[in-house]
Amino acid sequence: MANTAGRFVWHDLMTTDPDAAMKFYDEIAGWGTMPFEGSSRPYTMWTNNGVPLGGVTQLTDEMKGVPPSWMASVGVDNVDDSVAKANELGGRTVMPAADIPGAGRYAVISDPQGVPIAIFQPSGEMTGPGGQPGNGEFSWHELSTSDSKAAFDFYSKLFGWESTGDFDMGEMGLYQMYGQGGVPYGGMMTRTAEMPPPAWLCYIHVPDAKESAKKIESAGGKVMMGPMEVPGGDWVAIGTDPQGAPFAVHSSKPE
């Protein structure tokens with residue numbers, strides 16, 4: 001079992017139309033689905049090559065004001081301790097810690113800049129992502145925020161994330177990469193006034209980001225940026241699904 005502490009271990013899509021979303025992401029990522037019986041409301045798990053990696057659920061009336069969006073979960077050793085620490089560090093509790101029968105314990109917090117993220121403590125063995133991400137897996141997690149330096153300080157203290165390098169984006173400032181043990185998990189940047197509101201953006205690894213960008217459009221989504229080459233030779237495209245949830249696709253540098 002891989003150590004899941006500090007790693008992104010689960011990804012939930014909250015949407016207005018789960019059935020349409022399932023069809024869309026099957027076309028883009030090749031995901032399957034699997035029902036989950038331990039939830040108080042209908043919940044379907046995403047699977048990649050038969051392995052669960054997240055879930056999809058309907059936005060409810062109680063969630064009024066929440067737009068269709070992805071929520072990533074980071075593994076922790078103790079959810080309650082992590083919630084308390086997040087609050088001590090200037091974050092806040094969005095959803096108090098609660099048990100998910102047969103799965104583990106879960107909570108949603110927000111960082112001091114107001115961006116939400118989930119934390120998860122598995123009740124049993126859970127294989128954490130490790131090594132080079134394969135196609136259909138989430139490969140990068142990018143935070144656009146009002147203060148990337150303060151955000152990095154918060155997450156490094158909460159999850160033990162370390163700097164894995166950075167690069168200067170010119171007028172857009174510094175792009176701070178982070179991870180554990182030298183393995184990068186994603187990047188953080190201070191948003192400009194023209195960019196969307198502060199949020200996490202999850203990237204799905206695909207064989208060819210250029211081809212996936214075409215699929216996004218043909219399947220009813222929108223490409224907002226790209227496809228474009230990024231430093232190191234990888235390719236990315238950023239878009240939204242047909243219900244409006246932002247996400248991105250990422251392909252590795254062609255050999």
Side-chain angles (χ1 to χ4, degrees), residues 2-12 53-54 69-79 81-83 85-92 107-121 128-134 137-170 172-192 195-205 225 230-236 238 246-253:
N3 179 19
T4 58
R7 296 175 179 265
F8 288 91
V9 296
W10 200 254
H11 300 78
D12 281 308
L53 53 72
S69 56
W70 281 94
M71 174 75 73
S73 296
V74 177
V76 295
D77 292 326
N78 187 293
V79 162
D81 289 348
S82 294
V83 169
K85 188 171 184 178
N87 281 272
E88 290 172 6
L89 293 170
R92 70 180 183 88
V108 179
I109 60 172
S110 72
D111 61 28
Q113 288 70 50
V115 181
I117 192 168
I119 53 177
F120 180 66
Q121 174 190 344
Q132 193 70 19
E137 296 179 1
F138 286 92
S139 55
W140 198 255
H141 298 81
E142 188 171 83
L143 175 64
S144 169
T145 182
S146 58
D147 188 338
S148 59
K149 185 176 180 180
F152 176 75
D153 183 63
F154 171 82
Y155 288 110
S156 63
K157 291 175 179 175
L158 183 63
F159 297 139
W161 289 347
E162 307 157 342
S163 171
T164 59
D166 56 50
F167 62 87
D168 192 338
M169 299 187 295
M172 294 183 66
L174 198 70
Y175 189 87
Q176 174 68 63
M177 291 178 287
Y178 66 91
Q180 289 178 307
V183 178
Y185 295 164
M188 302 180 185
M189 60 183 171
T190 299
R191 65 181 289 276
T192 63
M195 294 172 67
W200 281 99
L201 180 66
C202 303
Y203 286 67
I204 304 167
H205 197 273
M225 185 180 294
V230 294
D234 290 5
W235 282 77
V236 301
I238 300 171
F247 75 105
V249 291
H250 161 219
S251 58
S252 300
K253 177 182 179 180

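- Taking the side-chain hydrogen bond (donor to acceptor under 3.5 Å, both in side chains) definition, one finds that Asp12 meets it with Trp10, Tyr43, sequence neighbours left out.
- Applying the side-chain contact (heavy atoms from CB on, under 4.5 Å) test to Ala199 and every residue at least two apart in sequence or in another chain returns nothing.
- Taking NE2 of His205 as the reference point, atom OG of Ser252 lies at 3.0 Å (rounded to 0.5 Å).
- Ala248 approaches Ile238 most closely through the heavy-atom pair CB-CG1, 4.0 Å.
- Not one N or O on the side chain of Ser146 forms a donor-acceptor pair closer than 3.5 Å with the backbone of Gln113.
- Taking the side chain as every heavy atom from C-beta outward, Val230 and Trp235 never approach each other to under 4.5 Å.
- Checked against the 6.0 Å centroid threshold, Trp200 and Tyr155 count as a close aromatic pair.
- With sequence neighbours excluded, the residues forming a side-chain hydrogen bond (donor to acceptor under 3.5 Å, both in side chains) with Tyr203 are Glu142, listed by chain and number.
- Side chains of Leu201 and Ser144 form no contact here, defined as non-hydrogen atoms less than 4.5 Å apart.
- Using a 4.5 Å heavy-atom threshold, the side chains of Asp234 and His250 count as touching.
- Rounding to the nearest 0.5 angstrom, the gap separating the CZ atom in Phe8 from the SG atom in Cys202 is 7.0 Å.
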Q: Please report the C-alpha distance between Val115 and Leu143 in whole Å, then the side-chain angles of each, then the deciding distance to 0.1 Å, and finally whether the side chain to side chain contact (heavy atoms under 4.5 Å, CB included) criterion is met.
A: CA-CA 9 Å; Val115 181; Leu143 175 64; 3.8 Å; yes
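- Every ring-ring contact (aromatic ring centres under 6.0 Å, His included) that Tyr175 has, sequence neighbours left out, goes to Phe167.
- Contact between Gly114 and Pro116 at its shortest, heavy atoms only, is O-CD, 3.6 Å.
- Among residues two or more places apart in sequence or in another chain, the salt bridge (Lys or Arg N to Asp or Glu O under 4.0 Å) test is passed with Lys157 by Asp153.
- Defined by atom type and a distance below 3.5 Å, a donor-acceptor pair is missing between the side-chain atoms of His11 and Ser73.
- By the 4.5 Å heavy-atom criterion applied to side chains, Ile117 and Asp111 are not counted as neighbours.
- Taking every heavy atom of both residues into account, Val79 and Ala107 meet most closely at CG1-CB, 3.8 Å.
- Among residue pairs with one or both ends in residues 159-170, those qualifying as side chain to side chain donor-acceptor pair (under 3.5 Å) are Ser163-Gln176; sequence neighbours excluded.
- Expressed to the nearest 0.5 Å, how far CD of Gln121 lies from CG of Asp77 amounts to 7.5 Å.
- Looking at Val76 and Phe159, their side chains come closer than 4.5 Å, going by heavy atoms from C-beta outward.
- In this structure, Trp70 has its ring center closer than 6.0 angstrom to the ring center of Phe138.
- Note that CG of Leu174 and CE of Met169 are 7.5 Å apart. Values are rounded to the nearest 0.5 Å.
- Residues Ile109 and Ala86 share a closest heavy-atom pair of CD1-CB, 3.8 Å.
- One finds the CZ atom of Arg7 at 16.0 Å from the CZ atom of Phe120 (value rounded to the nearest 0.5 Å).
- Residue Met195 qualifies as enclosed at atom CE: its count of foreign heavy atoms under 6.0 Å is above 12.
- Aromatic pair Tyr185/His141: ring centres not closer than 6.0 Å.
- Arg92 has its side chain within reach of Asn87: a pair of non-hydrogen atoms, C-beta onward, lies under 4.5 Å apart.
- Residues Val83 and Ile119 have side chains in contact (heavy-atom distance under 4.5 Å, counting atoms from C-beta outward).
- The minimum heavy-atom distance linking Phe154 with Gly91 is given by the pair CE1-N, 4.0 Å.
- Side-chain contact between Met71 and Val108 is present, with at least one heavy-atom pair separated by less than 4.5 Å.
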